[in-house]
Protein chains: 2
Amino acid sequence: MNDIRPIRAKSGTNHEGTSAHNRRVMIDALRINGALSRADLARATRLTKQTVSNIIEELERDGLVSSQEAVRRGRGQPSTPYGLVPEGAFAIGLQIDRHVTRAVAVDLVGSVLVRDEAGLPPGGPSNGTKVILDLVAGVRSKLAGIVQQSEKRLVGLGAAMPGPFGVAGSGDDPWMMEAWQKFPLLETLTAGTGLDVGLQNDAAAAATAERMVGAAHGLDHAVCLFVGYGIGAGLILNGELYRGTNGNAGEIGMALLFADGKSTPLEHRASLASLYQHLSIDPADPGLYARINDLALRGDQSIHAWVEAAAVDLRWSIHLLETLFDPQTVILCGSAPEALVNRLIAAIGPLLPSIAQHRGRTLPRLQPGMADPWSVALGAAAGPISRAFDPRFAAILKDSLQS
Amino acid sequence: MNDIRPIRAKSGTNHEGTSAHNRRVMIDALRINGALSRADLARATRLTKQTVSNIIEELERDGLVSSQEAVRRGRGQPSTPYGLVPEGAFAIGLQIDRHVTRAVAVDLVGSVLVRDEAGLPPGGPSNGTKVILDLVAGVRSKLAGIVQQSEKRLVGLGAAMPGPFGVAGSGDDPWMMEAWQKFPLLETLTAGTGLDVGLQNDAAAAATAERMVGAAHGLDHAVCLFVGYGIGAGLILNGELYRGTNGNAGEIGMALLFADGKSTPLEHRASLASLYQHLSIDPADPGLYARINDLALRGDQSIHAWVEAAAVDLRWSIHLLETLFDPQTVILCGSAPEALVNRLIAAIGPLLPSIAQHRGRTLPRLQPGMADPWSVALGAAAGPISRAFDPRFAAILKDSLQS
DNA sequence: AGTAATAAGTCAAGACACTTGACTTAATGA
DNA sequence: TCATTAAGTCAAGTGTCTTGACTTATTACT
């Protein structure tokens, strides 16, 4: 009769949770709307003027917001807008890709202050860990050289790498990503940097970036279709990144397509990997990015065939994402040369019919996102910033309150 | 300069929000774990014993929980477990299907107390509204005859019908569902019943039912693949039903499949509609359910061919849902005869490889859910109960606190 | 048996964060 | 000039959780 079953329950909350939530709501409002007065904030958040005043005062003491020039708007006392202070917080973003690793330092509003990259030697984590830790340390010290107190204001390190995580893989990846995926990266990075470390896949990172400073800014439901070496979808649902049970939600590249009696993962058909194979070029070529961009700009015939084929699969992928997630918009982004992404977008249209053809639609069904080799690292850095400052259910719960 | 841009912000919260959240967390814990003592609840929710005592006292006054026989568990004062009181709250669930409408009255723990159905005359809402309102009124008065104070404890009316909502349709549906989808159903039901009314699609309702009393009980990430006249997926993400921008998330039946050079919606290939067509029978036949069940039990050859074909599409659908949502489990349910669902499940296996083949997996990748013509109505009723009593982010916000 | 240990649950005071309503400040418009 | 309007502050009030001591009830040990 002595049942020792664990009791499962969500955590309760208390005053601290309330306060933490309200602080986050203020920051979020300032991020979405730009500078706002206390009175504006009170109306928008449904809190009282007094409460807003107290919280703003606290945020100002913490260096997260600052007052601006008073604004006269008709009768009444002029309002004093408060805006986010970019240097109020920083985060380091780290991208681990097949043959390269990139790190950036980003501030509270998502500006990249420092960026650096390094080649990853073959051999997986055993050879790459030192390179990565050195890269992070370098970015961190450069940041310290640019701004005061950066270390105190560093909220964490976000890492991004291709998924999926924790899955028994196919073993056909020459880039040892599987070894990386199995490696205790979080623990290694935490031990090596002393920072709070988070990990997400590259598509999720791209979506996080789009939400902070890109096309998904202020949206609560958006899907980012990320075309990189692989292909994946980053999901913004209810205003938050959706991770799924194991952080693998959105791994559309693993979706099997059936054609001509055989099944192929989408990843093998529409991704830069397939392009490299199509063009018979070495993905480790350092001048690759410029070369592809050049080919895309020139409208090269060899690229054209791949674009047309990939566009068919992407068009269908977008249709499927619209059908399953019912987002406000789909964003096409990638760690691909911008010219190539533009060609893809042009080739994808017109979109397939879907539930996205909705009466109340205001946003385009498909929008271009960032096409920048640094966008994944930026999104990786945006992760810790979002965790620290965006309103989230988890942030009100007692078991998340440590500070 | 007089910019009248609307300021967008999430709502703040206050003590009431805190309290409302904690009440919901208690109810949720009792629902998941069964009866618990105050001390157990305090540990599980991370609240203090005193706080739990106060909230339990309040919930007991409200008739939502009641104490049970004291339990001796080793040293120390025996604990007094508290459990949910089924008749603490009720909701009416309404299913509007092509040729039939069903209504149920459900209690706090998801037991169906009253059920009734009626045929829907052709002609869409103009002819059907009266039938529906009469059906609801009948169920409501029968409930009042069974339990005391049912009207006071009625938290709302949940309606479910096939989606998608608000989409420019294809117009090829003989059952006038498009007319229903365009009809101001919420307003009509609110005016006709005086209740708080919610609306979701049938797959979402099935998922809500599975979460309250079925295979998704206590799970935070589950996908219900619902096979009915159409086919759809109900999504439980982060412990809540995910609706998408327009309540159309999960409408996998609208997904276009490409084969033999033409595109077909999944719905036309794997759904009861396709079965009826395959068997050349009239979907309005009142003895349909028994007839199909009988055919499935006998292992009829005509059904066998459809099952084999549908299983291919369902196998792929499950693979896709696993890939995109990374759920803890996929549940196959339907408003289809149980024997048919069992045949389908048997025919679907083995599943396609996917990211669901994860190291830490404990639940089966695919589980059977309810296969019951009443499950959609039950899920419809579970909607208002979940909105009223489950922990949700929205419930802590000031703009959701009215009571 | 008697007593120490253990755990549930209560009591009463305290702390925290939001709310209330009156008040001050500073601008515009008639 | 002065009523009106709106931003923002002040100080007391309120609701909800927390704290720490205390009571109650049972088992385990001597």
Side-chain angles (χ1 to χ4, degrees), chain A residues 1-2 4 7 11-26 35-60 65 67-82 395-399 401 403, chain B residues 1-2 4 7 11-26 35-60 65 67-82 395-399 401 403:
Chain A
M1 261 318 200
N2 53 355
I4 325 182
I7 296 173
S11 163
T13 187
N14 59 9
H15 302 140
E16 277 184 80
T18 303
S19 175
H21 171 72
N22 288 343
R23 281 175 55 117
R24 285 166 184 259
V25 166
M26 303 281 165
L36 294 174
S37 70
R38 301 176 187 207
D40 281 339
L41 281 167
R43 278 185 294 265
T45 61
R46 315 268 223 125
L47 292 165
T48 60
K49 283 186 292 180
Q50 186 58 60
T51 299
V52 171
S53 264
N54 293 341
I55 293 175
I56 286 292
E57 199 179 340
E58 191 187 320
L59 291 175
E60 194 170 20
V65 307
S67 62
Q68 304 181 350
E69 197 76 357
V71 173
R72 278 182 281 277
R73 279 190 293 191
R75 280 189 192 180
Q77 177 170 330
S79 61
T80 309
Y82 284 78
I396 69 157
L397 306 181
K398 275 191 88 174
D399 52 19
L401 300 170
S403 68
Chain B
M1 259 324 201
N2 53 354
I4 325 181
I7 296 173
S11 163
T13 187
N14 59 9
H15 301 141
E16 277 185 80
T18 302
S19 175
H21 171 72
N22 288 344
R23 282 175 56 117
R24 285 167 184 258
V25 166
M26 303 281 164
L36 294 175
S37 71
R38 300 175 188 208
D40 282 339
L41 281 167
R43 279 186 294 267
T45 61
R46 317 269 222 121
L47 292 165
T48 60
K49 284 188 291 181
Q50 185 58 62
T51 299
V52 170
S53 264
N54 294 341
I55 293 175
I56 285 293
E57 199 180 339
E58 192 187 320
L59 291 175
E60 195 170 19
V65 308
S67 62
Q68 304 180 352
E69 197 78 358
V71 173
R72 278 182 279 279
R73 279 190 293 192
R75 279 187 193 179
Q77 178 170 329
S79 61
T80 309
Y82 284 78
I396 69 158
L397 306 181
K398 274 191 87 174
D399 53 19
L401 300 170
S403 67

What's the [atom1]-[atom2] distance between [X] and [N], to the nearest Å?
| X | N | atom1 | atom2 | answer |
| --- | --- | --- | --- | --- |
| B:Glu16 | D:dT16 | CD | C1' | 11 Å |
| A:Asn14 | D:dG15 | CG | P | 19 Å |
| A:Leu397 | D:dC17 | CG | C1' | 15 Å |

(request) Enter the distance from A:Ile55:CD1 to A:Leu41:CG here, rounded to the nearest 0.5 Å. (result) 9.5 Å
(message) Quick check: on DNA chain D, is the nucleotide nearest A:Pro78 upstream (toward 5') of the one nearest A:Thr13, or the reverse? Name the residue that is more 5'.
(response) A:Pro78
(request) Between A:His15 and A:Gln50, just flag the one whose closest nucleotide in DNA chain D comes earlier from the 5' side. (result) A:Gln50
(request) Side chain of B:Thr18 only, please: which of D:dT18, D:dA7, D:dT16 is the nearest? (result) D:dT16
(request) Check each residue of residues 35-43 of chain A for a non-hydrogen atom within less than 4.0 Å of any atom in DNA chain D, then write out the ones that pass by number, or none. (result) A:Ser37, A:Arg38, A:Ala39, A:Arg43
(request) Check salt bridge (charged side-chain N to carboxylate O under 4.0 Å, His left out) between B:Arg72 and all other residues, then give those that pass, not counting sequence neighbours. (result) none
Mind checking side-chain hydrogen bond (donor to acceptor under 3.5 Å, both in side chains) for [X] and listing every partner two or more places apart, or none if nothing turns up?
| X | answer |
| --- | --- |
| A:Ser11 | none |
| B:Thr45 | none |
| A:Arg46 | none |

(message) Between A:Ser19 and B:Pro81, which residue's closest nucleotide on DNA chain C lies nearer the 5′ terminus?
(response) B:Pro81
(request) For A:Asn22 and for B:Gly76, locate the closest nucleotide of DNA chain C by heavy-atom distance; then report the residue assigned to the nucleotide nearer the 5' terminus. (result)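 Its nucleotide being nearer the 5' end, the pick is B:Gly76.
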Please identify each residue that fulfils side-chain contact (heavy atoms from CB on, under 4.5 Å) with [X], with sequence neighbours left out.
| X | result |
| --- | --- |
| A:Ser79 | A:Ser37, A:Val71, A:Arg73 |
| A:Asn14 | A:Glu16, A:Lys398, A:Leu401 |
| B:Arg75 | none |
| B:Glu60 | B:Val65, B:Ser67, B:Tyr82 |

(request) Have a look at A:Thr51 and say if it touches a base, only the backbone sugar-phosphate, or nothing, with a 4.0 Å heavy-atom cut-off. (result)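 It contacts base atoms.
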(message) Under 4.0 Å, counting only non-hydrogen atoms across every strand here, what does A:Thr48 touch: a base, just sugar-phosphate, or nothing?
(response)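 Here A:Thr48 touches the bases of the nucleic acid.
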(message) For chain B and DNA chain C, what are the first and last nucleotides along the strand, 5' to 3', with at least one atom under 4.0 angstrom from a heavy atom of the protein chain?
(response)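 In short, chain B contacts DNA chain C from C:dA5 to C:dT19.
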(request) Taking only heavy atoms on the protein side, list every residue of residues 53-60 of chain B lying under 4.0 Å from any atom of DNA chain C, sorted numerically. (result) B:Ser53
(request) Scan side-chain atoms only and decide if B:Gln50 and B:Asn54 contain a donor-acceptor pair under the 3.5 Å cut-off. (result)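 Yes, B:Asn54 and B:Gln50 have a side-chain donor paired with an acceptor closer than 3.5 Å.
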(request) Taking all heavy atoms of A:Arg38 and all of A:Val52, pick out the closest pair and write down the distance. (result) O-CG1, 3.5 Å
So which protein N/O to nucleotides 28-30 of chain D N/O distances come out below 3.5 Å?
unit_1, atom_1, unit_2, atom_2, d
D:dA28, O4', B:Arg75, NE, 2.9
D:dA28, O4', B:Arg75, NH2, 2.6

Compare all side-chain heavy atoms of [X] with those of [Y] and state whether any distance is below 4.5 angstrom.
| X | Y | value |
| --- | --- | --- |
| B:Thr18 | A:His15 | no |
| B:Ile7 | A:Arg43 | no |
| A:Thr13 | B:Asn22 | yes |

